[in-house]
Amino acid sequence: MSSSAWDPNSPIVSTDWLAANLSKVRVLDATWHMPIGAPMPKDPPGRITKMLMNSFGPGPVEETSKDDPWRYVDGQWKKIENHPNAEKEFLEKRIPGARYFDVDKIADTSSQLPHMLPTAKEFEGHMSRLGVSEKDHVVVYDSKGIFSAPRAWWTFKVFGHDKVSVLDGGLKKWISENKQVESGPVPSFEPTTYKANFKPDMVIDYQNLLVDATDFLYAEKSVILDARPKPRFFGEAPEPRIEVPSGHIPSAINVPFAEVLNPETGTLLPPEELHKLFDEKRVDMRRPIVAMCGSGVTACIVALALERTGRKIDSIKVYDGSWTEWAGYKKGPIASLSG
């Protein structure tokens, strides 16, 4: 078991390192599940109204809880049985001492786009209630290996929290090694007064990316890396959200997030393999880099991989609205194999 000092130049920590240092860090479970089909439209209070549902076509007309997993599948609204619930899973099985980081709630909940960055004040409030200090070394993980945890990692980085790491291989690897887990309600803890330091240069919005992607004389033109799977990038498979066409920004390079991970262990590839991958993708590391995906989650996996190659995270911008915003606005160019 490794109890060596934390390497501040690495964005990840191993399961052995975490097991040896549990008492010295703040552990957060940032598990999030990809929506099936598209989320059922909801009004601001989180209740689905008969009028709203009728406006979106056939389907159930009774009001239902915001947590009921209605999805638009095969041309109609369906209720998905046994849809995974990340917070419920957290209560059933977690790393000892972990607290739950809700990707969808630690966000700008007033936005129509999914899990957009909260304001610094909102983030301070969430972290204070979670008992996290800006001085803590935070370790984030998810149940799939490396999937949604990098989104939490990047969010901390955006708000100036440098001592944050992703657990390499996540809860899946932790359990496979027969390491200790706990379940049940989270024991009470003292709130803190968290202080954030927002770094706006780590985020790019729609308007600035539109200029970057369409003005070919723009001096600071970025390399745009899209982390979505190839079929969605090339317009051969539908997006998981209704009325959002698949395809890609014409100048973007496809780096599917799964390609930066070991398919057997779910861990991040070593630096030398990542360098080779980005070279094969013809990613010019001398230029500014923008990472994007469907809704800003898996883009952060690519950002994590870039940092592991030695690229500092504060030199990478994440397009927070990502493809859901770009394609939803229907103003920017969209390319696909079908033209």
Side-chain angles (χ1 to χ4, degrees), residues 1-3 6 12-36 46 65-69 71 79-107 115 123 125-133 136-153 155-156 161 163-192 194 261-262 264-268 297-298 300-301 304:
M1 185 175 293
S2 174
S3 58
W6 171 61
I12 59 174
V13 294
S14 69
T15 49
D16 283 345
W17 185 94
L18 179 60
N21 292 276
L22 266 179
S23 64
K24 302 175 185 177
V25 298
R26 178 69 61 219
V27 182
L28 299 178
D29 183 326
T31 299
W32 173 84
H33 296 294
M34 181 75 75
I36 301 172
S65 162
K66 67 177 182 179
D67 295 321
D68 283 346
R71 298 292 184 266
K79 186 173 182 179
I80 305 300
E81 300 297 336
N82 301 317
H83 184 66
N85 182 311
E87 188 169 9
K88 181 180 178 182
E89 293 170 352
F90 164 77
L91 293 173
E92 292 172 348
K93 189 177 294 184
R94 62 181 179 270
I95 292 174
R99 297 167 191 175
Y100 182 60
F101 185 106
D102 192 322
V103 171
D104 283 327
K105 291 181 180 178
I106 302 176
H115 38 252
F123 188 72
H126 285 295
M127 293 306 101
S128 297
R129 288 187 290 275
L130 275 176
V132 177
S133 165
D136 287 339
H137 181 179
V138 174
V139 177
V140 291
Y141 73 87
D142 61 63
S143 63
K144 296 181 181 179
I146 292 182
F147 183 64
S148 52
R151 173 69 189 194
W153 166 81
T155 302
F156 274 104
H161 195 126
K163 292 177 67 176
V164 58
S165 308
V166 172
L167 179 62
D168 201 19
L171 184 63
K172 185 177 181 180
K173 188 171 188 291
W174 181 274
I175 291 173
S176 74
E177 295 168 346
N178 296 314
K179 289 181 167 57
Q180 183 181 358
V181 294
E182 66 180 17
S183 61
V186 176
S188 60
F189 51 83
E190 290 293 322
T192 59
Y194 189 93
L261 304 175
N262 182 310
E264 296 181 359
T265 64
T267 55
L268 198 60
V297 173
T298 59
C300 299
I301 302 176
L304 184 78

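- Contacts of F90 classified as ring-ring contact (aromatic ring centres under 6.0 Å, His included), with partners at least two apart in sequence or in another chain: Y100.
- In this structure, L167 and I95 have side chains that are in contact, with non-hydrogen atoms separated by less than 4.5 Å.
- Residues meeting the salt bridge (Lys or Arg N to Asp or Glu O under 4.0 Å) test with K173, sequence neighbours left out: E177.
- V25 is listed as a side-chain neighbour of V27, based on a closest heavy-atom distance under 4.5 Å.
- With sequence neighbours excluded, no residue forms a ring-ring contact (aromatic ring centres under 6.0 Å, His included) with H126.
- When side chains are defined from C-beta on, H161 does not count as touching W153, because their heavy atoms never get closer than 4.5 Å.
- Under the 3.5 Å distance criterion, the side-chain polar atoms of S165 are left unmatched by any main-chain donor or acceptor of V139.
- Here the shortest heavy-atom pairing between G266 and L261 reads O-CD2, 4.4 Å.
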Verdict with reasoning, V140 to R151, per side-chain contact (heavy atoms from CB on, under 4.5 Å)
CA-CA 9 Å; V140 291; R151 173 69 189 194; over 6 Å; no

After noting the C-alpha distance and the side-chain angles of T31 and D29, does the key distance pass the side chain to side chain donor-acceptor pair (under 3.5 Å) rule?
CA-CA 6 Å; T31 299; D29 183 326; 2.7 Å; yes

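- Atom CD of E190 is separated from atom OG of S133 by 13.5 Å, given to the nearest 0.5 angstrom.
- Under the side chain to side chain donor-acceptor pair (under 3.5 Å) criterion, E182 pairs with R94, sequence neighbours left out.
- The two residues F189 and R99 have their closest heavy-atom pair at CB-NH2, 3.3 Å.
- Counting all heavy atoms, side chain and backbone alike, D168 lies closest to I12 at OD2-CD1, 3.5 Å.
- With rounding to the nearest 0.5 Å, the separation of CH2 in W174 from CG in L18 is 4.5 Å.
- Between S143 and K172, the closest heavy-atom pair is O-CB, 3.6 Å.
- Residues L130 and R26 form no side-chain contact, since every pair of their non-hydrogen atoms from C-beta on lies 4.5 Å or further apart.
- Judged by distance alone, the side chain of S14 and the main-chain N or O of W17 form a donor-acceptor pair under 3.5 Å.
- For S148, the side chain to side chain contact (heavy atoms under 4.5 Å, CB included) partners two or more places apart in sequence, or in a different chain, are W32, D142, V297.
- Taking the six-membered ring for Trp and thresholds of 30 and 60 degrees, F156 and F101 have ring planes inclined between 30 and 60 degrees apart.
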For side-chain contact (heavy atoms from CB on, under 4.5 Å), just list the numbers for Q180 and L22, CA-CA rounded to whole Å, side-chain angles, deciding distance to a tenth of an Å, and then say yes or no.
CA-CA 11 Å; Q180 183 181 358; L22 266 179; over 6 Å; no

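- With sequence neighbours excluded, the residues forming a side chain to side chain donor-acceptor pair (under 3.5 Å) with H115 are D104, S295, listed by chain and number.
- Partners of T192 according to the side chain to side chain donor-acceptor pair (under 3.5 Å) rule, which considers only residues two or more places apart in sequence or in another chain, do not exist here.
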